[in-house]
Protein chains: 2
Amino acid sequence: MEESLPAWDKATTADGETRSIPGAAIKRLSLYLRILQLLETERAEKVSSAELARRLGLNSAQVRKDLALFGQFGTPGFGYHVTGLRKELRRILGMDREVRVVLVGAGNLGSALLSYKGFLKQGFTMLWGFDADPEAASARARTRVPIYHVDELERRLTAQPVDIAVLAVPAEAAQPLADRLVALGVRAILNFVPARLEVPADVQVRYVDLSLELESLSYYVQDD
Amino acid sequence: MEESLPAWDKATTADGETRSIPGAAIKRLSLYLRILQLLETERAEKVSSAELARRLGLNSAQVRKDLALFGQFGTPGFGYHVTGLRKELRRILGMDREVRVVLVGAGNLGSALLSYKGFLKQGFTMLWGFDADPEAASARARTRVPIYHVDELERRLTAQPVDIAVLAVPAEAAQPLADRLVALGVRAILNFVPARLEVPADVQVRYVDLSLELESLSYYVQDD
DNA sequence: TAGATTGTTAATCGATTAACAATC
DNA sequence: TAGATTGTTAATCGATTAACAATC
């Protein structure tokens with residue numbers, strides 16, 4: 001019997017066929033988009049897969065292959081139109097619409113994330129923060145984003161669903177909160193908590209594990 | 001002609017042979033270590049590769065293979081001794097000594113990282129922060145870690161070399177600062193700046209790109 | 001047209017998983 | 001001894017890269 005892939009792991013070609021899209025390719029699309037935005041400010045009209053690859057330290061065949069997963073955006077002998085490709089990538093990544101984000105856990109790291117500019121750019125809307133101690137959290141955070149008590153999660157997210165939750169709570173609180181967020185319709189979680197989350201297959205979780213990054217770097221700085 | 005690998009990408013077996021160690025395996029070692037520390041608090045004497053795999057959502061053969069890259073730590077029919085394996089992993093990862101860390105760029109995100117508890121645990125020493133405006137940075141940061149002007153980088157790091165730098169500066173400042181850090185003997189950079197860094201082959205760079213994570217999650221939350 | 005560069009197939013590479021003899 | 005589990009080899013899987021006909 002064949003396992004069927006979750007919907008987000010598929011893409012449809014012109015002829016209606018369905019293929020699996022590697023997550024690593026999606027991350028690279030986001031990198032391509034960043035370079036295209038840079039090229040646009042440089043008033044560049046066109047760009048080749050070789051140039052995109054050079055700027056990102058990738059292989060040009062990989063760039064062409066990644067883009068070809070979603071359509072034929074280039075012109076042989078010419079390359080890609082910067083503005084055109086940028087629009088396509090924004091559409092593919094779903095950045096051509098408002099993406100609604102909440103933060104759960106506005107401690108030290110969380111409150112910094114609340115005011116992180118990179119999140120506010122690019123069509124992301126950081127709607128609300130939630131914390132077990134909203135007064136203390138508000139004092140920490142230098143932002144206009146309102147911070148509510150975590151008990152208000154259900155009320156707020158029922159009234160107005162969100163797409164993505166950023167999770168930065170103590171380890172023992174992570175799984176119960178993930179469960180509540182999923183029940184409230186959250187489709188993706190950016191998880192800063194060093195704990196594995198169990199979620200349904202159609203919910204995406206990305207782990208940003210700072211201790212793990214530092215520990216694995218420690219391996220490389222030994223003098224032997 | 002054969003390219004020779006950087007020293008950190010090799011490991012030596014008992015018979016003096018040298019093999020390449022995948023970076024992904026190193027990251028998993030750090031995950032294994034975390035579970036072993038948990039098991040130790042649970043007073044567990046032994047653990048099998050199957051149990052480690054289960055707790056981390058991995059394959060047991062992968063666990064055994066990762067560990068076997070560095071030696072024979074297990075006993076057939078028994079498994080691994082929790083305390084013994086924990087010690088071995090701490091040694092392999094270089095966590096059995098002080099790892100000296102500095103932060104460069106104590107803005108919103110940076111100052112949160114300065115006081116991030118996960119960095120202080122586990123044998124990491126966050127020595128100093130550096131910022132172009134150390135007064136403002138000190139006001140932001142709720143930490144005892146001293147923050148100096150970035151001009152003091154050379155003086156401080158010459159007097160006392162560090163292993164790892166955490167970089168959280170504006171994009172245009174990233175490469176020049178990376179160059180200075182490498183010249184000062186920094187062996188690894190944890191880079192929160194969305195910019196590619198050019199460094200010598202023996203310097204490790206890890207990218208933590210929050211915008212990229214959020215953008216690639218955006219792909220999965222589209223309703224189609 | 002000649003030169004450049006795409007989209008795509010085939011080849012390569014590397015990482016994951018299965019299988020199992022060795023062995024505690 | 002019987003049962004369990006390692007370390008390791010072989011098989012599988014998937015991702016990257018090379019190559020090139022198509023074509024602007």
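To find a chain, count down the sequence lines: A is the first, B the second, and so on, and within it residues start at 1.
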Give me the distances for all protein-to-nucleotides 21-24 of chain C N/O pairs that come in under 3.5 Å?
unit_1	atom_1	unit_2	atom_2	d
C:dC24	O4'	B:P76	O	3.4
C:dC24	O2	B:P76	O	3.4

State, to 0.1 Å, how close B:R187 and A:Y220 come at their nearest heavy-atom pair, and which atoms those are.
NH2-O, 3.7 Å
dist A:L31:CG -> B:S211:OG (nearest 0.5 Å) comes out at 11.0 Å
B:E51 CD to D:dT6 C1', straight-line distance once rounded to whole Å:
16 Å
To the nearest angstrom, the CD-P distance between A:Q62 and D:dA19 comes to 17 Å
Would you say B:S49 places a side-chain N or O within less than 4.0 Å of OP1 or OP2 belonging to D:dT5?
no
Starting at atom CG of B:L67, determine the distance to atom P of D:dT6, rounded to an integer number of angstrom.
9 Å
Within the pair A:Q72 and C:dG7, is there a side-chain N or O less than 4.0 Å away from OP1 or OP2?
no
Using the 3.5 Å cut-off, write out each protein N or O paired with an N or O of nucleotides 9-11 of chain D and the distance between them.
none

In whole angstroms, how far is the C1' atom of D:dG14 from the CG atom of B:N59?
15 Å
Using Watson-Crick and G-U wobble pairs whose two distances are both under 3.5 Å, how do you write the pairing of DNA chain D as dot-bracket, with | for links to another strand?
..||||||||||||||||||||||
Between A:R97 and B:V221, is any pair of side-chain heavy atoms under 4.5 Å apart?
yes
Charged N-O contact under 4.0 Å between A:E40 and A:R90:
no
Is there a donor-acceptor contact under 3.5 Å linking the side chains of A:S30 and A:R34?
no
Give the residues of residues 25-48 of chain A touching DNA chain C, defined as any heavy atom closer than 4.0 Å, sorted by residue number.
A:S48
Within a strict 4.5 Å, meaning less than it, do heavy atoms of the A:F130 and A:V169 side chains meet?
no
So, using ring-ring contact (aromatic ring centres under 6.0 Å, His included) as the criterion, who are the partners of A:F73 when residues are at least two apart?
none
Would a 4.5 Å heavy-atom cut-off, applied to side chains only, mark A:V101 and A:L190 as touching?
no
Can you tell me how far apart CG (B:L39) and OG1 (B:T83) are? Round to the nearest 0.5 Å.
10.0 Å
Sole residue of A:V186, A:L177, A:V208 in side chain to side chain contact (heavy atoms under 4.5 Å, CB included) with A:L167:
A:L177
Residues passing the ring-ring contact (aromatic ring centres under 6.0 Å, His included) test with B:Y207, sequence neighbours excluded, are none
Output the rounded distance in Å from CG (A:L69) to P (C:dT6).
15 Å
Would you kindly give the CG-to-P distance between A:L56 and D:dT17, to the nearest whole Å?
13 Å
Inspect the contact between A:K27 and B:E213 and indicate whether a charged nitrogen and a carboxylate oxygen are less than 4.0 angstrom apart.
yes
Give the rounded distance in Å between these two atoms: CG of A:D66 and P of D:dG14.
17 Å
Note, A:I189 side chain near A:R206 side chain (heavy atom, < 4.5 Å):
no
State, yes or no, whether a side-chain contact exists between B:Y219 and A:M95 at a heavy-atom distance under 4.5 Å.
no
Between CZ of B:F73 and C1' of D:dT5 the distance, given in whole Å, is 17 Å
